[in-house]
Amino acid sequence: MKTQQNHTPKYWLMKSEPDVFGIDHLKKDKTTWWEGVRNYLARNYMMNEMHVGDQILFYHSNAKPSGIAGLAVVSHNAEPDQLQFNKKSASFEKRATREKPVWFCVQVAFQHKFKNFISLEEIKQDPQCSNMLVIRKGQRLSIQPVSEKDFLYLKKKGL
DNA sequence: GCCAACGTTGGC
DNA sequence: GCCAACGTTGGC
């Protein structure tokens, strides 16, 4: 009989605007459903590749300064994004039905706020981080895969 | 506030 | 299926 293959933990970077929902909001709320993502690649990551236990660099975008503010963890696998059913929401999706949702999101739980906030500038300057997607010009994707090496390095640096 | 980069929409 | 127009993201 075939044994089910265990999911190997993965590492991600997730962007959020701190004015809207930053690391302090997550700390206060403990968990949040990552609603409102309306990009197919980001959706596919959440739907197909992110699993409970995956670790997350929580990134502040559109901030002064932008950068990594802390750590979070996937606390629930993807479920339909409820905002797509809400006519009053900016994230309403007219193509979606309860039977056939279009958008999905994972639930994320707070872990740590970094003692040492790591600014985008610092990541750019650091030769250790030269492969990271977040430093690439024009990289707007709000959910990005991160290598284990980069994750562990930044975790150690930030905590 | 500017604007480069990129995703989406819609006419054809 | 192409691609121009438009909208959004997000650094600066």
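Residue numbers start from 1 in every chain, and the chains themselves are labelled A, B, ... in the order their sequence lines are given, proteins ahead of strands.
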Discussion item. Can you measure Leu141(A) atom CG to dA4(B) atom P for me and round it to whole angstrom units?
Written reply: 22 Å
Worksheet item: Any side-chain donor paired with an acceptor under 3.5 Å for Asp54(A) and Trp12(A)?
Response: yes
Fill in: Contact under 4.0 Å: Lys137(A) side-chain N or O vs dA4(B) OP1/OP2
no
Worksheet entry | Met14(A) CE - dT9(C) P separation (whole Å) | 15 Å
Discussion item. Mind checking if Lys64(A) touches a base, just sugar-phosphate, or nothing, with heavy atoms under 4.0 Å?
Written reply: nothing
Item to complete: Answer with yes or no after comparing the ring centroid distance for Phe58(A) and His60(A) against a 6.0 Å cut-off, counting only values under it.
Response: yes
Discussion item. Would you say Asp29(A) and Thr32(A) are linked by a side-chain donor-acceptor pair, where the criterion is simply a distance under 3.5 Å?
Written reply: no
Worksheet entry | Pairwise 5' ranking along DNA chain B for Asn39(A) and Asn62(A), keeping only the more 5' one | Asn62(A)
Worksheet item: dC12(C) P sits how many Å from Gln139(A) CD, rounded?
Response: 14 Å
Worksheet item: Would you call Arg38(A)-Glu93(A) a salt bridge at under 4.0 Å N-O?
Response: no
Item to complete: Quickly work out the Leu133(A) CG to dA5(B) P distance and round it to whole Å.
Response: 17 Å
Response to the item:
note: His60(A), atom NE2; dT9(C), atom P; distance rounded to Å ~ 17 Å
Worksheet item: Which whole-number value in Å describes the distance from Glu121(A) CD to dG10(C) C1'?
Response: 15 Å
Discussion item. What's the closest nucleotide to the side chain of Arg140(A) if the choices are dT8(B), dA4(B), dG7(B)?
Written reply: dG7(B)
Worksheet item: Between atom OH in Tyr59(A) and atom P in dG10(C), what is the gap in whole Å?
Response: 8 Å
Fill in: Nearest-Å distance for atom pair CD1/P, residues Ile135(A) and dT9(C)
23 Å
